[in-house]
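Note that these values count all heavy atoms, side chains included, but never hydrogens, waters or copies made by symmetry.
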Amino acid sequence: MRRSSGLSLATLSAGIVAVLAVWIAEVGPVPGEQRVLIWFHDAGGTTVERLAQLTNDITDLAPLAALTGVLLTVVLALRRWVDAAVFVVGVGVVWAVNPLLKEIVGRSRPDLWPLPETVSQYGFPAGHAADTAAVVAIVVLLLRVRRRQVIWLAVGAVVLVIVGLSQLVLGLHYPSDLVAGWLWAFAWIGFVHNMTKGGPG
């Protein structure tokens, strides 16, 4: 029953991402998205923008990969081989496939303000959102003590919100880019976890 529920949630998340992708390809931005970006940009001053840029930098793929390497090392040190495999497949696929999804959907980033030359051309699904969500989700699922899961879930949720807000303040993504990144990462991690649940750690 729990496996069925987990797969249903993963399927629902993936379905929402698919609907968003079709909407964006056929219709365009979700109504109100540009107003949201303008509000966040205008509401933030120089200090907020600097903090947003710092958040963007430390949750880029290279620093995130370093953190993931440390977490994976801990899992391996505990001899939880299946969990290590789930970790690698779960996070690795999200990181590898997200740039391909961007190319498939082909949604350009917001053009309200000049963008750094270092960012990719397309923004759906958001890489920062998907990459961080994959790490947060896999750690929550691999923790075996309920209290630790709840604590990490709360911390992870705060991290994801901060990462998302930083992307909006910097004008790097539309809100729907972030939602798609979070949901598809959660969907994949949930699918992998449900397919391997019940095996030895």
Side-chain angles (χ1 to χ4, degrees), residues 1-21 55 58-78 80-105 123-164 167 173 175-201:
M1 183 68 179
R2 290 182 62 186
R3 172 172 290 193
S4 176
S5 299
L7 287 175
S8 297
L9 287 174
T11 303
L12 176 61
S13 298
I16 294 173
V17 174
V19 169
L20 278 174
T55 301
I58 63 178
T59 54
D60 208 355
L61 193 54
L64 206 57
L67 172 61
T68 302
V70 173
L71 295 174
L72 181 58
T73 300
V74 173
V75 175
L76 290 170
L78 295 173
R80 293 170 61 177
W81 312 122
V82 173
D83 288 346
V86 170
F87 198 116
V88 171
V89 173
V91 175
V93 167
V94 170
W95 291 5
V97 172
N98 200 78
L100 300 179
L101 294 179
K102 286 184 177 183
E103 294 292 331
I104 292 171
V105 178
F124 182 100
H128 276 71
D131 295 347
T132 52
V135 175
V136 168
I138 203 70
V139 173
V140 168
L141 292 176
L142 294 186
L143 287 172
R144 292 179 172 175
V145 179
R146 182 69 175 176
R147 182 178 178 183
R148 292 177 182 174
Q149 284 183 322
V150 172
I151 292 173
W152 179 254
L153 182 62
V155 171
V158 171
V159 169
L160 294 183
V161 169
I162 292 174
V163 170
Q167 299 297 297
H173 285 288
S176 56
D177 296 342
L178 302 171
V179 172
W182 288 327
L183 288 182
W184 108 256
F186 291 151
W188 174 248
I189 297 297
F191 175 78
V192 172
H193 182 260
N194 274 273
M195 289 298 97
T196 57
K197 190 165 56 178

Just one of L160, V163, I162 clears the side-chain contact (heavy atoms from CB on, under 4.5 Å) bar with T59, so which one?
-> V163
Search all heavy atoms of [X] against all heavy atoms of [Y] and return the closest pair with its distance.
{"X": "W184", "Y": "V93", "value": "CH2-O, 4.1 Å"}
{"X": "W182", "Y": "G164", "value": "CZ2-CA, 4.1 Å"}
{"X": "I58", "Y": "P63", "value": "O-CB, 3.3 Å"}

Within the 4.5 Å heavy-atom criterion, are [X] and [Y] side-chain neighbours or not?
{"X": "W81", "Y": "V75", "result": "no"}
{"X": "D177", "Y": "Q167", "result": "no"}
{"X": "V89", "Y": "W188", "result": "yes"}

Measure the spacing between [atom1] of [X] and [atom2] of [Y] and express it to the nearest 0.5 Å.
{"X": "L20", "Y": "L183", "atom1": "CG", "atom2": "CG", "result": "7.5 Å"}
{"X": "H193", "Y": "L141", "atom1": "NE2", "atom2": "CG", "result": "4.5 Å"}
{"X": "K102", "Y": "L100", "atom1": "NZ", "atom2": "CG", "result": "11.0 Å"}
{"X": "N194", "Y": "I189", "atom1": "CG", "atom2": "CD1", "result": "11.5 Å"}
{"X": "L76", "Y": "D83", "atom1": "CG", "atom2": "CG", "result": "10.0 Å"}

Derivation of the side-chain contact (heavy atoms from CB on, under 4.5 Å) call for F186 and L9 = CA-CA 9 Å; F186 291 151; L9 287 174; over 6 Å; no
Between side-chain atoms of residues 125-139 and protein atoms elsewhere (two or more places apart, or another chain), which donor-acceptor pairs fall under 3.5 Å?
{"unit_1": "H128", "atom_1": "NE2", "unit_2": "N56", "atom_2": "O", "d": "2.9"}
{"unit_1": "H128", "atom_1": "NE2", "unit_2": "N56", "atom_2": "OD1", "d": "3.2"}
{"unit_1": "T132", "atom_1": "OG1", "unit_2": "H128", "atom_2": "O", "d": "2.7"}
{"unit_1": "T132", "atom_1": "OG1", "unit_2": "A129", "atom_2": "O", "d": "3.3"}

